Structures are given as structure tokens and as C-alpha cells.
Q: 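This is the structure I want to talk about, given as C-alpha cells.
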Amino acid sequence: MFRAKAKAAMVVGVAGAVVGLGYWRTHGSRGLPPGPLALPVYSSITGIAIDSKVPFTFAQAVLWNKTNDPVVVERAALVGRPPGMQVLGVYVRVPRGLAIGPGTDMTGLSPVAGYPLAARQAVALVFHLSVSRDGVFQARGVRVWYRVGSTHCSLILPQDVKACAPQARYLHGGC
């Protein structure tokens, strides 16, 4: 049963990536401040059904260093994180598919603080999250702080993070 739910969550993530790639090809990074970081895939998910107090991951926010200059990612946070949604950790991973879902597959992750993002490299920001009670929880974006040499910058990615609990109530839609 859990594997079927995990596969369904993966399908949602891949579908979001496909929609996002179409958005990127059509609109590029318009609306994002100029700088070396770009968002190659934009997707505003409809939400994921999870159970409260069970950790889950969100890894659809992807950063791309569009320049030939190295960038150091300093930290990342959810914008407008609602009460009851806890951030257990923030990591980076070289993307191997975009995914959201229950579970705690934390393999191949590096801490976000001080992560060196090479020229023309992309990484997924992996948020390890939990919600404390049943309900609908939605953050309105992801803020990233980074530096290029000694210049400090930040950027807000228009990437919603939405979780709805309990899973049984929202598994077939409505989140």
C-alpha cells in the first residue's frame, strides 16, 4: 500500500516537472530578480496528501547556476510557512528526478549551508518536513540566500509547498 502511494506521489512530481518545463520554455525566468541563479522548472503543485507527524520530503525547487561563476548556497527557507508545519532540515541533491512524497529517503544529500554550486550546475533543494496535526498547510515560496564571491544575494522562488493531512482524506484529491 505504501509503495503505491509513494509511486502516486512520484507521478504527481513528474507531472509537475513536465508542466513546469513548459512554463520555463514559454516564460523563462521572468519575474525573478537578475542574478546568477535561475529556476529551470516552475511548478505550483496542487498539494500532497500526508499523515500528520510523519516526516515527508519536498524536492521540486531546483536551482540552476546559469553563469560561469561559482555560487555558494548559504541557506534556504519556506516563505510564509504556516504554524504546524515544521522544517526538519534543508539539503541539496543533484537532481535525479523531481519528487514529493511521504517517506524519508535522505540518501545522497548534502547540507544546504555552504554548498558550492559550480558553474552551469543544477541542484534540487530538499525540504524534510512534518506537520503537527491534521489540516491543510501551505507555504507560498522558497527563499534562497547565496553568495557570489563576497557579494551576498537572495531570491524568492515562486514554488508553493502544500501538504494536507490526514492522507486518507486527501489521497484522491481535494488538497
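Everything numeric in this text was worked out from a predicted model, so none of it was measured. All values below were derived from every heavy atom in this structure, side-chain atoms included, with hydrogens, water molecules and symmetry-related copies excluded. Numbers here simply count residues along the sequence, with the first being 1.
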Q: Just so I know, are the side chains of Val142 and Leu78 near enough to count as touching, which here means a heavy-atom distance under 4.5 Å?
A: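 Result yes, sub-4.5 Å side-chain heavy-atom pair found.
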Q: Please name all residues satisfying side-chain contact (heavy atoms from CB on, under 4.5 Å) with Arg133, sequence neighbours left out, ordered by chain then number.
A: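 So Arg133 forms a side-chain contact (heavy atoms from CB on, under 4.5 Å) with Phe137.
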Q: Considering only Ile, Leu, Val, Met, Phe, Trp and Tyr, and joining two whenever side-chain heavy atoms are under 4.5 Å apart, list the other residues clustered with Tyr170.
A: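 Besides Tyr170, the hydrophobic cluster comprises Val136, listed by chain and residue number.
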Q: Less than 4.5 Å apart, side chain to side chain, heavy atoms only: is that true for Leu129 and Val161?
A: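 Leu129 vs Val161: side chains touch.
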Q: Nearest 0.5 angstrom please: Cys153 SG to Tyr146 OH, how far?
A: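 It comes to 4.5 Å.
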Q: Asp69 and Asn65: which non-hydrogen atoms are nearest, and at how many Å?
A: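 Nearest heavy atoms, Asp69 then Asn65: O-ND2, 2.7 Å.
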Q: Apply side-chain contact (heavy atoms from CB on, under 4.5 Å) to Val79 and list each qualifying residue two or more places apart in sequence or on a separate chain.
A: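 In terms of side-chain contact (heavy atoms from CB on, under 4.5 Å), with neighbours along the sequence ignored, Val79 is linked to Arg143, Ile156.
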Q: Taking the side chain as C-beta and beyond, is there a heavy-atom pair between Cys164 and Arg169 under 4.5 Å?
A: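 The answer is no; the side chains never approach within 4.5 Å.
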Q: Same hydrophobic cluster for Leu125 and Val72, using side-chain heavy-atom links shorter than 4.5 Å among ILVMFWY?
A: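 No, no single cluster joins them.
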Q: Please name the pair of heavy atoms, one in Ala139 and one in Pro82, separated by the smallest distance, quoted to 0.1 Å.
A: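 Closest heavy-atom pair between Ala139 and Pro82: N-CD, 4.1 Å.
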Q: With the side chain counted from C-beta on, respond yes when Val126 and Val92 share a heavy-atom pair under 4.5 Å apart, and no when they do not.
A: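 No, too far: nothing below the 4.5 Å cut-off.
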Q: For Ala165, is there any backbone N or O sitting under 3.5 Å from a side-chain donor or acceptor partner on Gln167?
A: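 Side chain of Gln167 to backbone of Ala165, a donor-acceptor pair under 3.5 Å: no, none is there.
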Q: Show the nearest heavy-atom pair for residues Val87 and Phe127, with the distance to one decimal.
A: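 So the minimum-distance heavy-atom pair works out to CG1-CD2, 4.4 Å.
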Q: Do you reckon Val148 sits in the same ILVMFWY cluster as Trp145, going by side-chain contacts under 4.5 Å, direct or chained?
A: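 Per the 4.5 Å side-chain linkage, Val148 and Trp145 are not co-clustered.
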Q: Who are the side chain to side chain donor-acceptor pair (under 3.5 Å) partners of Ser52, not counting sequence neighbours?
A: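 Applying side chain to side chain donor-acceptor pair (under 3.5 Å) to Ser52 gives Asp134.
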Q: Taking all atoms of both residues into account, what is the closest heavy-atom pair of Val62 and Ala122, and its distance?
A: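 Shortest heavy-atom separation between Val62 and Ala122 comes out as CG1-CB, 4.3 Å.
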Q: So which atom in Ala163 and which in Val131 form the shortest heavy-atom distance, rounded to 0.1 Å?
A: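 Heavy atoms of Ala163 and Val131 come nearest at CB-CG1, 4.5 Å.
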Q: Hey, what do you get for CD1 (Ile50) to OG1 (Thr57), rounding to the nearest 0.5 Å?
A: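 Atom-to-atom, Ile50:CD1 and Thr57:OG1 are 11.5 Å apart.
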Q: Roughly how far apart are Gln86 CD and Ser132 OG, rounded to 0.5 Å?
A: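 Atom-to-atom, Gln86:CD and Ser132:OG are 5.0 Å apart.
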Q: Enumerate donor-acceptor pairs with a distance under 3.5 Å from any side-chain N or O in residues 109-120 to protein atoms, sequence neighbours excluded.
A:
unit_1 : atom_1 : unit_2 : atom_2 : d
Arg120 : NH1    : Lys66  : O      : 2.4
Arg120 : NH2    : Lys66  : O      : 3.4

Q: Does anything in residues 71-89 pair up under salt bridge (Lys or Arg N to Asp or Glu O under 4.0 Å), and if so which pairs, sequence neighbours excluded?
A: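 Qualifying pairs, neighbours excluded: Glu74-Arg147.
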